[in-house]
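A quick write-up on the structure given underneath.
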Amino acid sequence: MAGVVDTIISWIFWPPLFQLVIAPGLVAALAIVIFILWFERKTAARVQMRVGPYNVSPRLGGALQLIADLIRYSFQEPIIPKTVDTAAFILAPLAMLVISVVPTAAIPVSPLPWTWPIPMEHSLLVALALTTLSPVFLVAAGWASNNKFSVIGSTREAFMVTAYELVFIISLLAVAAPVHSYNLVEIVEAQAGWRMFAILNPLAFLAAFIAILMSTSGFPFEIPESEHEVVAGPFTEYSGLLYGIDMGAAYIKRYVMSVLLTIAFLGGWKPLDPQPGAGLLAGYIAPLVVVLVKATIVMAVMSFFRAVYGRYRLDQAVDLAWRVILPMALAGYALGLIYGYLGVI
Amino acid sequence: MPPRPSRRRVPPYGFLAAVKGNLGAIAVGLKYFLDPNRFTLHYPREYIRLKPGYRGFIVLNKAKCIMCESCARICPAAAMKMVRFQAPDPRRPGKMKLYKYPVINYQRCIFCGYCVDVCPTEALRHVPAHDVVYYNLEEMDLNLEQFQVEPKSPAEVEGGIPVRYVFDPERGLVKVPEKGQAGGG
């Protein structure tokens, strides 16, 4: 009997499956995204002198509102207009959701080799490369919708790609330089104590933070999906569950990038230090929880900005990215090179 | 050739000013996040008690009505109509009399209050309630019996707390419970 239980546990915690499907992959992403959506609505309401979701479950502060919304989206009729390219229209949001989760395969949550889904030698580059795939499907969704608002939204997203992609990659390479490695595990292990890269290299951290906001339509840069101008942009024609997937995919992408930011800049699992002999709980689950909590805090800060900021125009955002954020990322990279040359880490 | 629209040049916003502005915005947001001033009216549990002169729903006091038809004539939306029926005359036993009483159709009523103003015997009056709902449009066309029933605000019936909004010099608009009448009607 114990052998059977061990076998089932070893199947569930087989890293390639566990990491992609359960945590930090799809299941944890959905749970955290639901929490973050609730937090975002409540925070915006608090700052804007409202109450936010409340009546669904008054004692929990309306926390079940998002579950109710999910159920409503699930049972709503997904209307597929006659004018759309049906296959692309349906497949684009699904592909976007899946592609958004895929980078978690390259993100380690523990220093122990048996918890890695893939070899971690160049995991930073692999994760970065995988995060850059999903805008293609956003553009495809807008193009397949065959609607002027969708096409405008897709075009805006295509412009925004030029703004944030380079910044995000350069600012994360600023972490690889001092460690002399693309290995995310070594990058985390270099950040012992308070020597987190967010403190050592705040320029690169800020640039990466803003790039994440840009890439996932976070609030100062909620340009492709702006409700008031282009009616949810690429998602204008979507309804029902497909719309829910569309909306969720952006948040899941933000979550995955937050996990990557946590690993690269905020010390990953660092208060914990799993030793090579550690078991499943101490060696895998505990560091994973630490990473998820840090990523959730990062996402909560991003959600808070929704209450503070308005929306930049497209040209303002691209201008900001190329004139301010990109030099900031380059300066952060230079700082990383200096750290690497001096051997600070 | 039409004149070219002139474009006012906005002075460039300096880098330090931008940083300061962003930090200031975040500071204001944090201030309200930590010390929120929420004045949403939780409607069924709280309500604003309406003043006596409020132009709310209209009720007929049939005993005072002298059947003058003034209300039906003055109604600008044609919501007020007279119903006519024959009934035994109390003064002349054995004889029938034509009675006319007003009824209202809330599908058409604009709550202007002309009928109440014009009524010579104050048979029509406003009720301080405006939150009455109907299940369908037919129900909004009241008959004579329904027109004499005083509609109640559901918040008041279910024991909501009356609140009112006051202006606080430091916090702006704030919601306070109405004093002396807590518990509602």
Side-chain angles (χ1 to χ4, degrees), chain A residues 36 38-59 61-62 65 202-203 206-207 209-210 213-214 218-222 297-313 315-317 319-328 331, chain B residues 5 7-48 131 133 153-155 157-177 184:
Chain A
I36 282 294
W38 171 79
F39 179 84
E40 182 167 330
R41 293 176 64 177
K42 288 301 262 192
T43 308
R46 234 178 130 86
V47 176
Q48 293 163 0
M49 304 181 181
R50 298 180 283 118
V51 173
Y54 181 77
N55 267 321
V56 170
S57 55
R59 286 191 187 164
Q65 176 72 50
L203 292 174
L206 196 58
F209 189 86
I210 294 172
L213 278 176
M214 282 182 169
F219 221 78
F221 308 103
E222 196 227 15
I297 291 171
V298 171
M299 286 188 77
V301 174
M302 288 177 185
S303 296
F304 172 73
F305 285 166
R306 175 183 177 154
V308 176
Y309 282 107
R311 181 184 306 118
Y312 282 118
R313 273 196 329 259
D315 62 316
Q316 286 172 330
D319 178 78
L320 181 78
W322 281 95
R323 273 206 326 193
V324 181
I325 314 292
L326 183 64
M328 201 159 78
Chain B
R7 191 168 153 220
R8 192 167 60 87
R9 298 296 300 179
V10 180
Y13 202 55
F15 182 72
L16 286 177
V19 171
K20 194 180 155 202
N22 278 292
L23 290 181
I26 293 171
V28 170
L30 272 177
K31 177 181 157 240
Y32 279 101
F33 180 67
L34 298 175
D35 182 20
N37 177 25
R38 296 187 277 201
F39 50 75
T40 302
L41 184 74
H42 289 266
Y43 164 65
R45 296 175 291 280
E46 298 170 345
Y47 67 97
I48 297 174
D131 39 5
V133 291
S153 163
V157 171
E158 290 171 15
I161 304 166
V163 296
R164 82 202 152 88
Y165 287 97
V166 295
F167 186 77
D168 186 86
E170 285 174 4
R171 296 175 65 83
L173 210 55
V174 289
K175 184 174 69 176
V176 292

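Since this is a predicted model, take the numbers as computed values, not measurements. So that the names make sense, note that chain A is the first sequence line, chain B the second, and so on, each numbered from 1.
- Side-chain contact check for A:Val47 versus B:Lys31: every heavy-atom pair is 4.5 Å or farther apart.
- Remark: of the listed residues A:Met49, A:Arg46, A:Gln48, A:Met49 is the sole one forming a side-chain contact (heavy atoms from CB on, under 4.5 Å) with B:Tyr32.
- The distance from the CZ atom of A:Phe304 to the CD1 atom of B:Ile26 is 7.0 Å, given to the nearest 0.5 Å.
- Within the 4.5 angstrom heavy-atom criterion, no atom of B:Leu173 approaches chain A.
- For the atom pair NZ of A:Lys42 and CZ of B:Phe33, the computed distance is 11.0 Å after rounding to the nearest 0.5 Å.
- Heavy-atom distances place the side chain of B:Arg45, and not its backbone, under 4.5 Å from chain A.
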What verdict does the side chain to side chain contact (heavy atoms under 4.5 Å, CB included) test give for A:Arg50 and B:Phe39, after you've listed the backbone C-alpha separation in whole Å, the side-chain angles of each residue and the deciding distance to 0.1 Å? CA-CA 7 Å; A:Arg50 298 180 283 118; B:Phe39 50 75; over 6 Å; no
